Number of protein chains: 2
Amino acid sequence: MARSRKRTRLPNRREIIIKAAGRLFREKGYEGTTVRDLAEAVKLQSGSLFFHFDTKEEILVALLEDGLRRAVAILDRRLANAMTPREKLSAILHGHLEAILDEERDAFYVVLRDWRTLSPASRKKVIALRDEYESHISSALEELSDTGLIPRNTRLFRLFLLGALNWTVQWYKPDGDLTIGQLADGFLDLVAPDRLNTDQNRK
Amino acid sequence: MARSRKRTRLPNRREIIIKAAGRLFREKGYEGTTVRDLAEAVKLQSGSLFFHFDTKEEILVALLEDGLRRAVAILDRRLANAMTPREKLSAILHGHLEAILDEERDAFYVVLRDWRTLSPASRKKVIALRDEYESHISSALEELSDTGLIPRNTRLFRLFLLGALNWTVQWYKPDGDLTIGQLADGFLDLVAPDRLNTDQNRK
DNA sequence: GTCTATAGGTAGATAGAC
DNA sequence: GTCTATCTACCTATAGAC
């Protein structure tokens with residue numbers, strides 16, 4: 001206890017493996033990535049991975065669970081700071097896009113594509129987390145439905161808005177000409193135009 | 001030549017295999033589906049498949065190419081019949097959703113998830129077709145940008161709208177309470193409200 | 001904790017009979 | 001065109017030395 005104080009907690013091997021798995025699974029798919037690929041990425045022999053995880057699937061589950069849990073935290077932090085209806089809508093867009101495009105990018109992409117390969121037990125756990133994340137967004141949107149800020153057909157609007165947001169994982173490039181914040185603001189202006197800022201409405 | 005006249009062209013074995021592959025690849029993924037699975041689905045032995053296709057990947061490519069080509073045709077037919085700006089926008093929504101949720105459902109789902117597993121040569125061909133399909137939508141939207149029907153930031157609007165539409169493949173259930181036509185009309189009303197039909201705007 | 005070596009299983013693809 | 005039989009390669013996972 002007295003010996004040494006950790007300044008920045010170094011990621012342990014397990015976390016390093018999960019992070020590398022996230023990148024590889026996103027790039028080549030879970031089934032397209034072999035444990036040898038993963039071992040090479042973290043400079044181990046393939047057998048050594050099985051000291052840290054019992055199975056390959058356990059690595060996938062760890063990636064998805066960690067990622068989804070952190071995403072909920074990111075979103076909730078944004079929502080907690082939002083007061084007006086428009087701020088809340090903005091928080092949903094910024095928080096969600098930040099989670100899926102930046103911080104937990106790999107986990108979101110992989111869970112979307114590869115959740116079907118999970119065993120029933122793992123699938124249940126992961127899908128429950130995914131549903132929980134989405135329920136935070138849905139209930140926040142539900143609150144807005146009476147303010148007049150969003151259309152009255154909440155279900156269809158929710159499907160439309162979340163679809164547009166979720167699809168960004170397919171095309172958004174972090175090194176492109178659009179920051180995540182700009183994208184969120186741009187989308188916000190499409191669904192709830194700020195009438196004070198009329199530049200974009202003038203012809 | 002004189003012997004018999006085909007009334008309805010029976011799908012030949014090759015087409016039967018492609019169709020079964022579409023269902024299996026969508027359900028279990030391309031890599032998660034073995035040639036033995038596919039052979040069983042069409043009541044053949046696994047070796048017999050290789051009389052019709054040289055490799056497993058060739059089956060995937062055939063599925064995607066056929067599907068994307070037909071999708072372009074579906075969309076263009078809809079667009080050709082549309083006159084007013086709002087009809088054109090409606091044609092985009094109806095045509096696109098019909099293509100990806102009904103007629104070429106399997107191909108769209110699979111190309112989205114599994115295109116990365118294709119060899120570079122096959123990938124190039126398939127992506128070119130995908131781009132061509134999308135360009136038909138994009139240019140139709142571009143035409144609408146001067147009519148005032150859609151927002152002036154066409155790029156962001158296009159990304160937003162196509163994202164919402166494309167994402168429907170993730171959640172739309174053909175046997176649910178929403179027909180594809182109803183979905184298209186509902187989305188149309190969100191992006192370009194019909195002011196004559198004010199029921200939905202009244203509070 | 002990581003290594004080497006390999007077991008045990010299954011994948012895509014081929015050969016040749018019919 | 002389809003079958004049976006099988007090849008080769010590679011996969012996940014394990015065993016035991018260090």
Side-chain angles (χ1 to χ4, degrees), chain A residues 6 9-64 110 113-123, chain B residues 4 6 9-64 110 113-123 126:
Chain A
K6 293 186 191 127
R9 199 161 62 101
L10 288 173
N12 62 25
R13 185 115 288 176
R14 192 183 156 92
E15 285 162 355
I16 292 172
I17 293 170
I18 292 175
K19 194 164 183 183
R23 186 175 56 80
L24 288 173
F25 292 171
R26 177 172 56 78
E27 286 173 1
K28 315 175 20 161
Y30 171 70
E31 309 206 64
T33 303
T34 69
V35 292
R36 285 175 178 81
D37 293 334
L38 181 52
E40 191 185 17
V42 295
K43 294 188 170 55
L44 286 179
Q45 294 303 308
S46 64
S48 307
L49 287 178
F50 292 94
F51 172 81
H52 301 280
F53 298 91
D54 286 343
T55 64
K56 183 189 176 189
E57 173 165 325
E58 202 179 277
I59 303 175
L60 175 61
V61 173
L63 168 70
L64 301 183
V110 173
R113 186 185 49 200
D114 294 325
W115 66 271
R116 274 164 214 272
T117 71
L118 292 166
S119 68
S122 308
R123 187 185 299 196
Chain B
S4 83
K6 293 186 192 127
R9 199 161 61 102
L10 288 173
N12 62 25
R13 184 116 285 175
R14 190 182 159 94
E15 286 162 354
I16 291 172
I17 293 170
I18 292 175
K19 194 165 182 181
R23 184 175 56 80
L24 287 172
F25 292 171
R26 176 170 57 76
E27 285 172 4
K28 315 176 18 162
Y30 171 71
E31 308 206 64
T33 304
T34 69
V35 292
R36 285 171 178 79
D37 293 334
L38 180 53
E40 192 186 16
V42 296
K43 294 187 170 55
L44 285 179
Q45 294 303 309
S46 65
S48 307
L49 287 178
F50 292 94
F51 171 81
H52 300 280
F53 298 90
D54 285 345
T55 65
K56 182 189 176 191
E57 172 166 324
E58 202 179 277
I59 303 176
L60 175 60
V61 172
L63 168 71
L64 302 183
V110 173
R113 186 185 50 200
D114 295 324
W115 66 270
R116 275 165 214 271
T117 70
L118 290 167
S119 68
S122 307
R123 188 185 299 196
V126 170

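This structure is a prediction, so every number in the text was calculated from the model and none was measured. Here is how names work: the chains are called A, B, and so on, in the same order as the sequence lines, proteins then strands, and each is numbered from 1.
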> Would you find more than 12 non-hydrogen atoms of other residues, nucleotides or ligands less than 6.0 Å from B:Glu58 atom CD?
Replying inline: yes
> Looking at A:Arg113, A:Lys28, A:Glu27, which one forms a side-chain contact (heavy atoms from CB on, under 4.5 Å) with B:Arg116?
Replying inline: A:Arg113
What is the distance from [atom1] of [X] to [atom2] of [N], rounded to the nearest Å?
X       : N      : atom1 : atom2 : result
A:Glu58 : D:dT12 : CD    : C1'   : 14 Å
B:Lys56 : D:dC10 : NZ    : C1'   : 14 Å
A:Glu31 : D:dC10 : CD    : C1'   : 15 Å
A:Phe51 : D:dG16 : CZ    : P     : 17 Å
B:Tyr30 : C:dA11 : OH    : C1'   : 11 Å
B:Glu40 : D:dT2  : CD    : C1'   : 16 Å
A:Ile17 : C:dG1  : CD1   : C1'   : 11 Å
A:Lys28 : D:dC11 : NZ    : C1'   : 13 Å

>> What's the closest nucleotide to the side chain of A:Thr34 if the choices are C:dA13, D:dC11, D:dG1?
In response: D:dC11
> Among C:dT14, D:dT14, D:dT2, which is the nearest nucleotide to the side chain of A:Phe50?
Replying inline: D:dT14
>> Please check this pair: side chain of A:Glu15 against backbone of A:Asn12, looking for a donor-acceptor N/O pair closer than 3.5 Å.
In response: yes
> For the side chain of A:Tyr30 and the backbone of A:Glu57, is there at least one donor-acceptor N/O pair under 3.5 Å apart?
Replying inline: yes
N/O to N/O distances under 3.5 Å, protein versus nucleotides 3-7 of chain D:
residue	atom	partner	partner atom	Å
D:dC3	OP2	B:Gln45	N	2.7
D:dC3	OP2	B:Ser48	OG	2.9

What are the two closest heavy atoms between [X] and [Y], and how far apart are they?
X       : Y       : result
B:Thr33 : B:Lys56 : O-NZ, 2.8 Å
A:Leu24 : A:Ala41 : CD1-CB, 3.9 Å
A:Leu38 : A:Ile59 : CD2-CD1, 3.8 Å

> In terms of the nearest nucleotide of DNA chain D, which residue is placed more toward the 5' end: A:Asp37 or A:Asp54?
Replying inline: A:Asp37
